[in-house]
Protein chains: 2
Amino acid sequence: MRDLLAITKALADENRLRALGLLRGRELCLCQIIEVLGLAPSTVSKHMSILHQARLVESRKEGRWAYFRLADDDAPQEARQALGFVLGNLKQNKQAKADQQQLKAVLKMEPEELCRKQANCQC
Amino acid sequence: MRDLLAITKALADENRLRALGLLRGRELCLCQIIEVLGLAPSTVSKHMSILHQARLVESRKEGRWAYFRLADDDAPQEARQALGFVLGNLKQNKQAKADQQQLKAVLKMEPEELCRKQANCQC
DNA sequence: TCTATATTTCGTTATGTGGCGAAATAACGT
DNA sequence: ACGTTATTTCGCCACATAACGAAATATAGA
């Protein structure tokens with residue numbers, strides 16, 4: 001029951017559902033999720049940790065960056081079923097679509113932002 | 001998003017999951033659910049109302065009694081999918097099995113209790 | 001080594017939620 | 001009409017949770 005409850009509780013928050021929607025089909029860095037959700041880094045980090053504990057997302061650290069992706073085949077069946085359920089229902093969702101749009105912009109702009117911050121260039 | 005969230009929030013409570021498990025395959029009266037869950041009537045009534053608002057259960061009033069059953073084919077697809085997910089995972093669940101056992105006892109005893117209360121007999 | 005950056009942890013605060021009992025409501029039986 | 005019973009609504013309290021900023025941690029680069 002604890003596993004199932006961990007999953008349903010993880011899914012019972014709008015911002016966590018949005019994060020799952022963003023991860024559909026691609027791995028993302030925490031900072032990119034932060035950008036789209038528009039929440040404080042600490043808040044998003046906590047959200048991703050809750051999703052991870054429920055085994056709904058996998059995470060990986062590469063240097064300073066934390067990457068997240070949807071749970072894959074070696075995740076527990078409950079988690080995969082839950083993902084199938086929510087992702088299917090997010091497809092027609094207005095907020096999820098808007099997030100996808102904004103994610104596109106973030107994926108395009110992020111290099112520029114990196115450039116500005118790290119190299120002081122004028123791109 | 002509101003509908004989906006209503007569903008995931010409704011599922012994010014252990015006692016509501018237990019109630020759904022009890023309803024598998026049969027319609028139950030509120031008082032029977034109260035008996036198995038071991039919670040105050042007002043609490044269980046609230047739980048069932050939350051499940052109903054999420055369209056996960058149907059309800060019907062007959063005289064003084066309120067009956068609940070799992071959402072059927074004319075419920076929204078999201079609700080039916082969600083039910084499929086949780087009921088499937090409750091099947092192997094220890095608590096859910098124990099609840100089923102206790103439900104059997106309640107279904108057997110309830111008439112006796114009714115008898116004692118309503119007719120002062122000694123059955 | 002020192003600094004800057006990405007993330008996490010911690011402490012605090014505001015809000016949400018589950019629990020109960022008491023009171024209100026509705027419907028049955030006398 | 002009246003009392004009884006099943007349920008719901010309400011008010012309250014305890015606890016959980018989401019949000020933030022500040023501080024701690026970890027790592028890359030100068």
Side-chain angles (χ1 to χ4, degrees), chain A residues 1-2 5-20 27-54 57-68 106 110-120, chain B residues 2 5-20 27-54 57-68 106 110-121:
Chain A
M1 176 75 87
R2 193 140 36 107
L5 254 185
I7 291 175
T8 57
K9 284 184 179 228
L11 298 178
D13 177 89
E14 171 161 13
N15 291 319
R16 286 196 289 270
L17 291 184
R18 292 174 65 197
L20 289 178
E27 184 181 64
L28 289 177
C29 173
L30 180 69
C31 62
Q32 298 170 317
I33 304 172
I34 288 168
E35 199 65 26
V36 177
L37 294 188
L39 296 173
S42 57
T43 304
V44 180
S45 176
K46 185 82 184 305
H47 279 316
M48 298 315 292
S49 147
I50 289 170
L51 289 172
H52 184 249
Q53 280 191 303
V57 307
E58 296 290 331
S59 71
R60 141 182 105 81
K61 268 214 133 165
E62 186 176 320
R64 284 171 282 186
W65 291 278
Y67 290 95
F68 297 90
V106 166
E110 205 87 320
E112 297 178 16
E113 198 181 341
L114 241 87
C115 176
R116 274 202 306 283
K117 282 188 183 168
Q118 299 187 343
N120 277 334
Chain B
R2 194 139 35 107
L5 253 185
I7 290 174
T8 58
K9 285 186 179 221
L11 297 178
D13 177 89
E14 172 161 14
N15 291 319
R16 286 195 290 269
L17 291 184
R18 292 174 65 197
L20 289 179
E27 183 181 63
L28 290 177
C29 174
L30 180 69
C31 62
Q32 298 170 316
I33 304 172
I34 288 168
E35 199 64 26
V36 177
L37 294 189
L39 297 172
S42 56
T43 303
V44 180
S45 176
K46 184 82 184 305
H47 280 316
M48 299 314 292
S49 146
I50 288 170
L51 289 172
H52 184 249
Q53 280 191 300
V57 306
E58 295 291 330
S59 71
R60 143 181 104 80
K61 269 215 132 162
E62 187 175 319
R64 284 172 283 188
W65 292 278
Y67 290 96
F68 297 91
V106 166
E110 204 86 319
E112 298 178 16
E113 198 180 344
L114 239 87
C115 176
R116 273 202 306 283
K117 281 186 184 169
Q118 299 186 345
N120 277 336
C121 77

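All values below were derived from every heavy atom in this structure, side-chain atoms included, with hydrogens, water molecules and symmetry-related copies excluded. Each chain gets a letter, A, B and so on, in the order its sequence line appears, and its residues count up from 1.
- With rounding to whole Å, B/Trp65 atom CH2 is found 9 Å from C/dA27 atom C1'.
- D/dT9 atom P lies 14 Å from atom CE of B/Met48, rounded to whole Å.
- Judged by distance alone, with hydrogens and angles left aside, A/Ser42 brings a side-chain donor or acceptor within reach of the base of D/dG21, the pair sitting under 3.5 Å.
- Distances were taken from every side-chain heavy atom of B/Arg16 (C-beta onward) to each of D/dA19, C/dG18, C/dC20; the shortest belongs to C/dG18.
- Considering only heavy atoms from C-beta on, B/Glu14 stays 4.5 Å or farther from B/Leu17 through its side chain.
- When all heavy atoms are compared, the tightest approach of B/Val57 to B/Met48 is CG2-O, 4.1 Å.
- Atom-to-atom, NZ of A/Lys46 to C1' of C/dT13 comes out at 14 Å; the value is rounded to the nearest Å.
- Between C/dG19 and B/Thr43, no contact under 4.0 Å exists linking OP1 or OP2 to a side-chain N or O.
- Residue B/Arg64 places no side-chain N or O under 4.0 Å from the OP1 or OP2 atom of C/dG29.
- Within the 4.0 Å cut-off from OP1 or OP2 of C/dT17, not a single side-chain nitrogen or oxygen of B/His47 is found.
- Closest to the A/Pro41 side chain, of the nucleotides C/dG21, D/dT7, C/dT8, is C/dT8.
- As a whole-Å value, the separation of B/Leu5 CG from C/dT17 P is 10 Å.
- When distances are taken from the side chain of A/Ile50 to each of C/dT7, D/dA18, D/dT7, the shortest belongs to D/dA18.
- The separation between B/Asn15 atom CG and C/dT17 atom P is 16 Å, rounded to whole Å.
- One atom, CD1 of A/Ile33, and another, C1' of C/dA6, lie 13 Å apart when rounded to the nearest Å.
- A close approach under 4.0 Å does occur between a side-chain nitrogen or oxygen of B/Lys9 and OP1 or OP2 of C/dT17.
- The NE2-C1' distance, from A/His52 to C/dT8, rounds to 14 Å in whole Å.
- Atom CG of A/Asn15 is separated from atom OG1 of A/Thr43 by 9.0 Å, given to the nearest 0.5 angstrom.
- Salt-bridge formation is not detected for the pair B/Glu58/B/Arg60: no Lys NZ or Arg NE/NH1/NH2 atom is positioned less than 4.0 Å from an Asp or Glu carboxylate oxygen.
- Here the closest heavy-atom approach between residue A/Ile34 and residue A/Leu39 is recorded as CG2-O, 3.5 Å.
- Residue B/Leu39 contributes atom CG, which lies 15 Å from atom P of D/dT8 at whole-angstrom precision.
- Here the side chain of A/Lys61 is nearest to one of C/dG19, D/dC20, C/dT7, namely C/dT7.
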